[in-house]
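Here is how names work: the chains are called A, B, and so on, in the same order as the sequence lines, proteins then strands, and each is numbered from 1.
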Amino acid sequence: MSIRLRFAPSPTGRIHVGNVRTALMNWLFALRQGGQVLLRIDDTDIARSTKEYEQSIEDDLKWLGLPWHDRTNQSARFDVYEKAADKLKAAGLLYPCYETEDELDRRRKIAQATGKPPVYDRAALKLTDADRASLEAEGRKAHWRFKLSGARKDWVDLVRGPQSIDTASLSDPVLIREDGAFLYTLPSVVDDIDFKITHIVRGEDHVTNSGVQIEIFEALGGDVPAFGHFPLLVGADGGALSKRLGSLGVGELAAEGYEPMAVLSHLAKIGTSDPVEARLTIDQLAEEFAFEKIGRAPARFDPEELKRVNAAVVHQLGYDAVKDRLAALGADKGEAFWMAVRANLALLPDVKEYAQIVDGPITPVIADASFAAAAAELLPSGAYDAASWQAFTNAVKEKTGAKGKALFMPLRQALTGMDHGPEMAALFPLIGEERARKRLMGEAA
RNA sequence: GGGCCCUUCGUCUAUCGGUUAGGACGCCUGGUUUUCAACCAGGAAAGAGGGGUUCGACUCCCCUAGGGCCUGCCA
C-alpha cells in the first residue's frame, strides 16, 4: 500500500508557524516512507476563503521547500460531498435539526452553568414529519447532524499510543450548515477516502475529532487511516502561544530574512528527543524523523532559539547559494566578502552592516587620536591582500609598542566603527588603503 | 462543569523499578584567532509538592499545584 498523507490548510489566512509544523510533520513522514503528500485546499467556506490566500499558501510552501505531489480544492468537489451526505441520510445517520444558533448557544450555557455536559440533546430526532413541515413552513431551514453511535472509538495513535474516545459524551456534529454549506468534517473524511489517505498527522487539538471521523469513515464504508496527533506549540514561557507568535507567518519570517531550513529545523526538532540543531536539507530532517521521538508535552516555540538555529544555517551557506539575495540587499561584495562575514551573521540581512564597512561611509570610533594617526602613517600602499593586515599590525606594534587587545581593538574600532566583527585580515583588503586612511584620521568614509 | 494529555539541568529532552540521571542549545571556563565575534574543548547545572506500592522509584498508583487541548452551524 502506498503511503499518502495530506496537508489541508484553509485559505482564510496566511500559514503560520503552527501550520508549518503540521505540514512539516506530514512531509517528513512521507519523505521517510517514500510516500506522497496531497495539498488539499479546504475552501468549503466560500465566504472566508480567498484565491489570494490560496496562492500565498502555495508560495509559502514553495519557499519552505515542501513540494506537494497532488493537490485539490474542496470547493470543486461539492457534488461528491452531496452524494456522501445522501448516503448518510439514507442510512438514517444524518438528520435535520432546526434549532437556531442562539438557542443552541443558550442551552449550552445553561448546561454549563448547571454543571451538566454541554451536549446536544438530540431533540430534533424526535421531530415528526408534521413538525418538520411546519418548521419549514415558518421559513426555518435545517442544518444536519451526524448521529453518533454512542460507542467508544479506539485507535492506536502514532504518537499518543492507544486512544479511546467515548462518542456518547459528544454532541452529534453538524455536518451541513443551515445555509447548505459543508463544514470541515464531512468533506475531510470523504476526501481522505477518495484520495486514499493512509495517515492523518495533525495537532492534538483534533484528537476528539478523530473519534467522530472514524465513525464517519465507517459509515461511508471507507478505510480508516492511521492517526497521529502531536502536541501543540506553546510560547517560550510555557503559556499559550501568544497571538503575535501564533500568527507569525511564513511571509514575515521570509521578509525578516530567516532561512527556510532554519524554520524547518527548529519546527522539526522542538518537542522531540532530538537536539534542536540546524539541518541543511529536508532529507536530513526526514531521515531523523520518527513519531516515537515526539514528546507528549507541548513544544515550546522560542523565537530566540529559532534565531540561533538560523545563525547556524547562515554560517554554512555557500556564496553561490546567497549571491542573488545579497545582490537584492545591495550587499553582494563578492565571495571573499561573503566568506569573511558570514560567520558573524544571525540573519542574512545583517550582512548590510558589514557591507557598509566595506563600502562606507561609517563613522570611525577613535579613543586615541595620536595612536590612530600613527597607524595611518604606517598603512601599506597599493593593493592589499591576505598578508597585508599582519604586515600593517606588525608595523604599528613596532612603532607604538601596543600589542594584543590594545593594538587590535583601537584599529578595529577605527576601521569598522564597531568593537566586534569578522576577522580583520579578511576585511582589511576589502576596506582598502584610501578608506582605511580616512577612518584612521577620524573621517567618516 | 466534563473529557484527554503533560510536568527531569535555564531550554528541548533520554531514562520504559536498581544509572556517576545521558545528550543538545544556552551559560561559565579554557584553547585558537598576536583583538572581539565565529570556531573548538572542558565544566557547572535537573526528577513540581505530598502520600502510597516496593528490598529499591525519575520510572507504577493516588492527591495537590501548575500547564496544554477538546467540549462550535471554526478548522
To the nearest Å, give me how far apart [atom1] ([X]) and [atom2] ([N]) are.
{"X": "A:E204", "N": "B:rC6", "atom1": "CD", "atom2": "C1'", "result": "8 Å"}
{"X": "A:E423", "N": "B:rU32", "atom1": "CD", "atom2": "C1'", "result": "10 Å"}
{"X": "A:F408", "N": "B:rU32", "atom1": "CZ", "atom2": "C1'", "result": "14 Å"}
{"X": "A:H229", "N": "B:rG68", "atom1": "NE2", "atom2": "C1'", "result": "15 Å"}
{"X": "A:R296", "N": "B:rC5", "atom1": "CZ", "atom2": "P", "result": "11 Å"}
{"X": "A:D172", "N": "B:rC73", "atom1": "CG", "atom2": "C1'", "result": "14 Å"}
{"X": "A:L148", "N": "B:rG3", "atom1": "CG", "atom2": "P", "result": "18 Å"}
{"X": "A:I165", "N": "B:rC4", "atom1": "CD1", "atom2": "C1'", "result": "7 Å"}

Measure from the side chain of [X], starting at C-beta and using heavy atoms only, and say which of [options] lies closest.
{"X": "A:P298", "options": "B:rC70, B:rC73, B:rC6", "value": "B:rC6"}
{"X": "A:H206", "options": "B:rU35, B:rG1, B:rA75", "value": "B:rA75"}
{"X": "A:M409", "options": "B:rC74, B:rC36, B:rA24", "value": "B:rC36"}
{"X": "A:P118", "options": "B:rU35, B:rC25, B:rU71", "value": "B:rU71"}
{"X": "A:R108", "options": "B:rC73, B:rU35, B:rC5", "value": "B:rC73"}
{"X": "A:H315", "options": "B:rU7, B:rC36, B:rC39", "value": "B:rC39"}

Interatomic distance at [atom1], [N] relative to [M], whole Å:
{"N": "B:rG23", "M": "B:rU54", "atom1": "C1'", "answer": "31 Å"}
{"N": "B:rA24", "M": "B:rG43", "atom1": "C1'", "answer": "16 Å"}
{"N": "B:rA14", "M": "B:rU7", "atom1": "C1'", "answer": "16 Å"}
{"N": "B:rC73", "M": "B:rG10", "atom1": "C1'", "answer": "46 Å"}
{"N": "B:rU53", "M": "B:rC61", "atom1": "C1'", "answer": "7 Å"}
{"N": "B:rC58", "M": "B:rG42", "atom1": "P", "answer": "29 Å"}
{"N": "B:rA44", "M": "B:rG22", "atom1": "P", "answer": "10 Å"}
{"N": "B:rU29", "M": "B:rC69", "atom1": "C1'", "answer": "43 Å"}

Base, sugar-phosphate, or nothing: which does [X] touch, judged by heavy atoms less than 4.0 Å apart?
{"X": "A:T272", "result": "sugar-phosphate"}
{"X": "A:D179", "result": "nothing"}
{"X": "A:N394", "result": "base"}
{"X": "A:E99", "result": "base"}
{"X": "A:S169", "result": "nothing"}
{"X": "A:G421", "result": "base"}
{"X": "A:E305", "result": "nothing"}
{"X": "A:N344", "result": "base"}

Can you tell me if [X] touches the phosphate of [N], counting only side-chain N or O atoms and a distance under 4.0 Å to OP1 or OP2?
{"X": "A:R48", "N": "B:rC74", "result": "no"}
{"X": "A:R177", "N": "B:rC74", "result": "yes"}
{"X": "A:R342", "N": "B:rA38", "result": "no"}
{"X": "A:T44", "N": "B:rA75", "result": "yes"}

Sub-4.5 Å side-chain heavy-atom contact between A:E82 and A:F182 =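 A:E82 vs A:F182: side chains touch.
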Taking any strand in view, what nucleotide pairs with [N] in a Watson-Crick or G-U wobble way, both distances under 3.5 Å?
{"N": "B:rU32", "value": "none"}
{"N": "B:rA37", "value": "none"}
{"N": "B:rG72", "value": "none"}
{"N": "B:rG18", "value": "B:rC55"}
{"N": "B:rA45", "value": "none"}
{"N": "B:rG10", "value": "B:rC25"}

Charged tip of A:K333 within 45° of A:W338 ring normal and under 6.0 Å | no
Aromatic A:Y120 / basic A:R145 pairing, under 6.0 angstrom, 45° off normal | yes
Identified side chain to side chain contact (heavy atoms under 4.5 Å, CB included) counterpart of A:S188 within the set A:D191, A:T185, A:V190, A:D192 |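 The passing option is A:D192.
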Do we see a donor-acceptor contact under 3.5 Å between the side chains of A:N394 and A:E398?
-> no
Take the angle between the ring planes of A:H229 and A:F227 and call it parallel below 30°, perpendicular above 60°, tilted in between.
->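 The rings of A:H229 and A:F227 lie parallel, inter-plane angle below 30°.
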